[in-house]
2 protein chains.
Amino acid sequence: MQTVLDHDRIFGALGDATRRDIVRRAIEGEEGVAELTEHYLMSFAAVQKHIAILERAGLVSKHRMGRRKVVRTNLEGLRVARRLLDRYEELWRERVERMNQLINESPKEADR
Amino acid sequence: MQTVLDHDRIFGALGDATRRDIVRRAIEGEEGVAELTEHYLMSFAAVQKHIAILERAGLVSKHRMGRRKVVRTNLEGLRVARRLLDRYEELWRERVERMNQLINESPKEADR
DNA sequence: CATTGATACAACCATAAAGTTGTACAATCT
DNA sequence: AGATTGTACAACTTTATGGTTGTATCAATG
C-alpha cells in the first residue's frame, strides 16, 4: 500500500462522483466492499478499483471486520486537500491586500 | 464557455500539477497564455488545453488586456471545492459526536 | 492595409483510466 | 473438511486524457 498523500492522487481521486460518494459513506466506516457495491450500477470489481484509487491517495483505508473488510475514510487525506485550497485563498487575500496598499500609498490622479 | 462548477470538473482539473500551478500563478492574474507557457516544458497548445480545462471547471477565466488574454483565477471555483471538503469534515464531526453520545448514554460493561 | 504578436482550434498519437468477466484466495459456519 | 461469503487480482475492451504539429483568426502597430 502506498498512501502517498500527494495532491495529484488526492484531487484526481476526488474527481469522480462514485469515489466521492464512497468517501462520504466511508466516513461512517461500516460497510465492506460488497455492501458499498450495492449502492452503484457497476460491478464489484469496478468498485474495488475505485476503492484502490482512494486508498493509494490516502483518502480511505480498509480494516478487517470478521469476514469482510470495512472501508473507512481517512480524515487526514481530506485535510491535505483542504489545506492546499486554504493556501490558495490566502494567496488571494494577500493579493487583495497588496492592491489596497497600492491604492492608499499613491495619491489618486484627481488629487494631483 | 461552460463554467458549470460541478465537483467532477473542479477536482478533476485540480488533479494535475501543471493546472494547479496555473491556478496559483493566475491568482495574481497578470500573465497571458504565452507567458504562462514559459514556465513549463510543454507546447503553447498544451498549456492552452490545460487552461481550457480549468476554464470549463470554472476555476479560471480569461480577460483581454491589449493584444493578449490574461488568465485570472476565480475564487468561487476554489470555494466550491473547499465547501465539499468542509461538508465531509462536518460529517466526520457528527459521527464522532454520535459515538461519544452512545458511550455516555449506555453504562459501561464494568459498571453493571 | 500588411505585418507582427498572441490566441484558438483541428487532427492526430500514445498512454492511462474505467469498466467488464473470470479465476484464485481467505475467513467463517455446519 | 467442505460449503459459503467476501475479497483480490489478472486480462481484456473502450473511451478519455495529455501531449504533439499545423493552420486559422484576431487585435495592435508601422
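Residue numbers start from 1 in every chain, and the chains themselves are labelled A, B, ... in the order their sequence lines are given, proteins ahead of strands.
Of the residues in residues 27-34 of chain B, B:Gly32, B:Val33, B:Ala34 come within less than 4.0 Å of DNA chain C through at least one heavy atom, sorted by number.
For A:Ile53, taking side-chain heavy atoms from C-beta onward, the closest of the listed nucleotides C:dT20, C:dA18, D:dG18 is C:dA18. For B:Asp16, the listed nucleotide lying nearest its side chain is D:dG18; candidates were D:dG18, C:dA8, D:dA8. Among D:dG19, C:dA8, C:dG19, the nucleotide with an atom closest to any side-chain atom of B:Ala46 is D:dG19.
Residue B:Arg20 contributes atom CZ, which lies 12 Å from atom P of D:dG18 at whole-angstrom precision. Residue A:Glu55 contributes atom CD, which lies 12 Å from atom P of D:dT7 at whole-angstrom precision. In this structure, CD1 of A:Ile22 is placed 13 Å from P of D:dT7, rounded to the nearest angstrom. Note: CZ (A:Arg68) to P (D:dT4) measures 21 Å, nearest angstrom. Look at CD1 on A:Ile51: it is 12 Å from P on C:dG19, rounded to the nearest Å. Atom pair A:Phe44:CZ and D:dA10:P shows a separation of 15 Å (rounding to whole Å applied). Atom P of nucleotide D:dT17 and atom CG of B:Asp8 are separated by 10 Å, given to the nearest angstrom. Between the NE2 atom of B:His50 and the C1' atom of D:dA16 there is a distance of 14 Å, given to the nearest Å.
Residues A:Arg20 and A:Asp16 are not paired through a salt bridge, judged by the lack of any N-O separation under 4.0 Å between the basic side chain and the carboxylate. For the pair B:Glu31 and B:Arg72, the salt-bridge criterion is not met [side-chain N within less than 4.0 Å of a carboxylate O]. With respect to A:Arg82 and B:Glu89, a salt bridge is recorded, a charged nitrogen being found less than 4.0 Å from a carboxylate O. Salt bridge absent: A:Arg87 and A:Glu90 never bring a charged side-chain N and a carboxylate O closer than 4.0 Å.
Heavy-atom distances to DNA chain C give each of A:Met42 and B:Lys62 a nearest nucleotide, and the one nearer the 5′ end belongs to B:Lys62. Each of A:Leu41 and B:Glu35 lies near DNA chain C, and the nucleotide nearest B:Glu35 is the one positioned closer to the 5' end.
Between the side chains of B:His39 and B:Thr37, no donor-acceptor pair is found at a separation under 3.5 Å.
Between the CG atom in A:Leu85 and the CZ atom in B:Arg83 there is a gap of 11.5 Å [rounded to 0.5 Å]. Note: A:Asp6 CG to A:Arg56 CZ = 11.5 Å, rounded to the nearest 0.5 Å.
Side-chain contact between A:Arg24 and A:Thr73 is absent, with no heavy-atom pair separated by less than 4.5 Å. For the pair B:Glu30/B:Val70, no side-chain contact is recorded, criterion being any heavy-atom separation below 4.5 Å from C-beta on. Counting only heavy atoms from C-beta outward, the side chains of B:Ile10 and B:Val80 approach each other to under 4.5 Å.
For the OP1/OP2 pair of C:dT20 and a distance below 4.0 Å, the side-chain nitrogens and oxygens of A:Ser43 include at least one atom meeting the criterion. Between A:Gln48 and D:dT7, a side-chain N or O to OP1/OP2 separation shorter than 4.0 Å is absent. Taking only side-chain nitrogens and oxygens, A:Lys49 never comes nearer than 4.0 Å to OP1 or OP2 of D:dC9.
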- Could you write nucleotides 24-30 of chain D as a row of B, S and -, 5' to 3', where a protein heavy atom under 4.0 Å of any base atom gives B, of only sugar-phosphate atoms gives S, and otherwise -? ---SBS-
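Using a 4.0 Å heavy-atom criterion, one finds that B:Ala45 contacts the bases of the nucleic acid, with or without backbone contacts as well.
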